[in-house]
Amino acid sequence: MGVCEVEILAVENLSFAYPGQAKKAIDGVSFSVEEGEFAVICGATGSGKSTLLRLLKRELRPLGEIGGEVRFFGKPLDGLDEVTSACKIGYVMQRPEQQIVTDRVWHELAFGLENMGLDIGAIRRRVSEMSSFFGIEEWFDQPTSSLSGGQKQLLNLASVMVMQPELLLLDEPTAQLDPIAASEFIAALVKINRELGVTVVIVEHRLEEVLPAADRVFVMEDGRLLLSGRPREVASEIAGRSELLLGMPAAIRLYNAISHLPIKKSECPITVREGRQFIMKNFKSGASLPLEAEPKDGAPALEMREVYFRYSRDLPDVLRGLSFTVYEGEVFCLLGGNGSGKSTALAAAAGLISPYSGEVRIFGKRIRDYKNRSLYRECVALLPQDVQTMFLFSTVRRELEEVGARLDELPYDISHLLDKHPYDLSGGEAQLVGLAKVLAARPRLLLLDEPTKGLDAHAKKVILKLLSKLSQSGMTIVVVTHDVEFAAECAGRCAMFFRGEVTSCAPPRRFFSENSFYTTAINRITRGHFSGAVTLSDAVELCKKSFVPASSDEGGSRA
């Protein structure tokens, strides 16, 4: 007799349109999730993923015209009592700061329980247990404002889990996390799912670690549910869909990119480990790519010399003797942990904060010598991490027209967004609009803080081509990013930021080949078998040189 499966979530013919929009953001979506499953929702930027997720949480349902039905354990969402709706369906947002409502870590953990009306003994028991589960004891008494991005997101997860939800919804929770923090967050999610039996439904673009952990994958396209199934089933079904394939884990992309070679047929690898086994089985070891030469010194566009900065006298320094130089026409990427000071460094370069020691120079001129806002007249422009702070008007069209952007000369196609309210955009769409606004200033030095946050793989390709074109035209670009794959593709040099200073700097192939965690999945798959591969095109090139024909008995071991 089989195990009885219980349907925790049922979505039937769900449709939704934002106010004033004729096109539906969600169009006839139907699916179900069994109790205890780990489900992933993925798809292109603007495909409706985040809107769909918010429709599954009654308290966060957006304003607009809704059709169809969502049921939780067989009962319509509108029919749930307030406690069940608020507590049994948990929700973790993309931006950690949006969800934190109190001043101290312990108070944040207790806040939901206090609203549930639990007695002090029950609150203390649940809070202490959940703090131990997530390893929060060391920062239990700290102000929430002092936490790093990774700590804030882990606190949000713990604050939801302390209310003992049965269904956990997460909207791109790793979008603002560095690679190590993101990996730890996903590991915590898997532990919650496996050990506590909590059903997880997560919207994600970063699928490298999420997809292998999933029981089922739902692929959205243009507001509709395009595909659904187990990870390997979905991986095989999208083989001919290049735009969807771009967002898949590196092992899947590499397998498909070299599928034309006469190699031994095998099941499509999904994880880094499976990818390594596939490479070792089918390709001779030893092939390598040359490391890039260090760029020749040119005219400096941005110089930081022994820069020190702290936000107040009683707080420690955020920038601690920061020194580096970016040359004209260069694409320079800063990588490092949450809270290491990368965004603060960009703010100093943009003249938004004033270091108490050291010097910042823009195109050879001290930043304090730029008078009457001349720094921002076709000189420096900054895309902030929170792009919503840039939006002032009720439509995207007004946002762009107010900064003098020519709507017929935009760097990429966002015409379908022009009549939308900026706050109705998905995270990725907001990034594209924000970048278009910044580029309208025609800067010589472009500063980008997490420009790929919320973008699907195809949109990243568009941005990669744009940055390459801008760099070739002479624009200097400094990018703060947690997206190591993006940095490997676009950067001339990458720098590791740690505790307020740059600790290493090198061209991408050298930089990522020497790192263990701040490196690409392709490098982890090929490391030790090939040398110097950090991008998909690198790995494909080496595979073509090294494949063992299927008829050969030579094998591809490293022996």
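All values derive from a computational prediction rather than experimental measurement.
Summarising the local packing, CD of Glu409 is surrounded by more than 12 heavy atoms from other residues, nucleotides or ligands at distances under 6.0 Å. In the displayed structure, Gln98 atom CD is contacted under 6.0 Å by more than 12 heavy atoms of other residues, nucleotides or ligands. Heavy-atom neighbours of Lys461 NZ from other residues, nucleotides or ligands within 6.0 Å: at or below the threshold of 12. Under a cut-off of 6.0 angstrom, the local environment of CZ in Arg377 is crowded, with over 12 non-hydrogen atoms contributed by other residues, nucleotides or ligands. The local environment of CZ in Arg194 is crowded, with over 12 non-hydrogen atoms from other residues, nucleotides or ligands closer than 6.0 Å. By the 6.0 Å contact criterion, CZ on Arg58 is enclosed, its count of non-hydrogen atoms from other residues, nucleotides or ligands being greater than 12. Atom CD of Glu34 has more than 12 neighbouring heavy atoms from other residues, nucleotides or ligands inside a 6.0 Å radius.
Look at Arg61 and Asp78 and you find a salt bridge, because one of the NZ, NE, NH1 or NH2 atoms lies within 4.0 Å of a carboxylate O, short of that distance. With respect to Glu59 and Lys57, a salt bridge is recorded, a charged nitrogen being found less than 4.0 Å from a carboxylate O. Using a cut-off of 4.0 Å between Lys/Arg side-chain N and Asp/Glu carboxylate O, Asp408 and Arg406 are scored as salt-bridged. Remark: Lys460 does not engage Glu485 in a salt bridge, criterion side-chain N to carboxylate O under 4.0 Å. Using a 4.0 Å cut-off between a side-chain N of Lys or Arg and a carboxylate O of Asp or Glu, Glu208 and Arg206 do not qualify as a salt bridge.
For the residue pair Phe31 and Leu52, the shortest heavy atom distance occurs at CE2-CD2, 4.0 Å. In terms of heavy-atom proximity, Lys152 sits nearest to Thr144 at CE-O, 3.4 Å. Nearest heavy-atom pair, Val33 versus Arg216, reported as atom, atom and distance to 0.1 Å: CA-NH2, 3.5 Å. Considering every non-hydrogen atom in both Pro96 and Asn156, the closest pair reads O-ND2, 3.1 Å. Ser471 and Ile477 get closest at one heavy-atom pair: N-CD1, 4.2 Å. In this structure, Phe486 and Pro451 approach most closely via the heavy-atom pair CE2-CG, 4.5 Å.
Between Gln176 and Gln94, the side chains place no donor N or O within less than 3.5 Å of an acceptor N or O (distance only, hydrogens not considered). Under the 3.5 Å distance criterion, with hydrogens and angles disregarded, a donor-acceptor pair is assigned to the side chains of Glu204 and Thr174. No side-chain N or O of Ser374 forms a donor-acceptor pair with one of Asn372 less than 3.5 Å apart. With hydrogens and angles left out, the side-chain atoms of Thr452 and Gln431 include no donor and acceptor closer than 3.5 Å. A donor-acceptor pair shorter than 3.5 Å cannot be found between the side chains of Thr395 and Glu399.
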Practice prompt. Go through the steps for Val480 and Phe497 under the test side-chain contact (heavy atoms from CB on, under 4.5 Å), then give the verdict.
Written response: CA-CA 10 Å; Val480 162; Phe497 214 91; over 6 Å; no
Practice prompt. Check step by step if side-chain contact (heavy atoms from CB on, under 4.5 Å) holds for Leu334 and Thr481.
Written response: CA-CA 6 Å; Leu334 284 170; Thr481 184; over 6 Å; no
Item to complete: Give the intermediate values and the outcome of salt bridge (Lys or Arg N to Asp or Glu O under 4.0 Å) for residues Asp456 and Lys49.
Response: CA-CA 11 Å; Asp456 65 77; Lys49 305 180 303 297; over 6 Å; no
Worksheet item: Which is it for Val198 and Asn193 under the side-chain contact (heavy atoms from CB on, under 4.5 Å) test, yes or no, and what are the steps along the way?
Response: CA-CA 5 Å; Val198 176; Asn193 176 252; 5.8 Å; no
Fill in: Tyr91/Asp171 under side-chain contact (heavy atoms from CB on, under 4.5 Å): CA gap, chis, key distance, verdict
CA-CA 8 Å; Tyr91 195 101; Asp171 186 11; 3.8 Å; yes
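Under the 4.5 Å side-chain criterion, counting only non-hydrogen atoms from C-beta, Val11 is not in contact with Ser30. When side chains are defined from C-beta on, Met220 counts as touching Ile26, because their heavy atoms get closer than 4.5 Å. Between Leu55 and Ile66 there is a side-chain heavy-atom pair separated by less than 4.5 Å. Ile463 is listed as a side-chain neighbour of Leu435, based on a closest heavy-atom distance under 4.5 Å. Counting only heavy atoms from C-beta outward, the side chains of Pro19 and Leu63 approach each other to under 4.5 Å.
Judged by distance alone, the side chain of Ser85 and the main-chain N or O of Glu82 form no donor-acceptor pair under 3.5 Å. No donor-acceptor distance shorter than 3.5 angstrom exists from the side chain of Lys437 to the backbone of Val403, with no hydrogens or angles considered. Side-chain N or O atoms of Ser47 include one that pairs as donor or acceptor with a backbone N or O of Ala44 at under 3.5 Å. Counting only distance, with no hydrogens or angles, the side chain of Glu450 and the backbone of His482 share a donor-acceptor pair below 3.5 Å. Judged purely by atom type and a 3.5 angstrom limit, Thr45 has no side-chain atom pairing as donor or acceptor with the backbone of Glu429. Under a 3.5 Å cut-off, the side chain of Asp27 and the backbone N or O of Arg224 do not form any donor-acceptor pair. Side-chain N or O atoms of Asn256 include one that pairs as donor or acceptor with a backbone N or O of Ile252 at under 3.5 Å. Side chain of Ser183 to main chain of Pro179: no donor-acceptor pair is present (N/O by atom type, distance under 3.5 Å, no hydrogens or angles). Side-chain atoms of Gln153 do not come within 3.5 Å of backbone N or O of Leu177 as any donor-acceptor pair. A distance-only check finds a donor-acceptor pair linking the side chain of Tyr412 to the backbone of Ala436 [under 3.5 Å].
Residues meeting the ring pair (Phe, Tyr, Trp, His ring centres under 6.0 Å) test with Tyr18, sequence neighbours left out: Phe16. Qualifying ring pair (Phe, Tyr, Trp, His ring centres under 6.0 Å) partners for Phe73, counting only residues two or more places apart in sequence or in other chains: none.
Taking the six-membered ring where the residue is Trp, Phe111 and His107 present perpendicular rings, their angle passing 60° and hence far from 30°.
Partner of Leu447 under the side-chain contact (heavy atoms from CB on, under 4.5 Å) criterion, chosen from Leu352, Val380, Val479: Val380.
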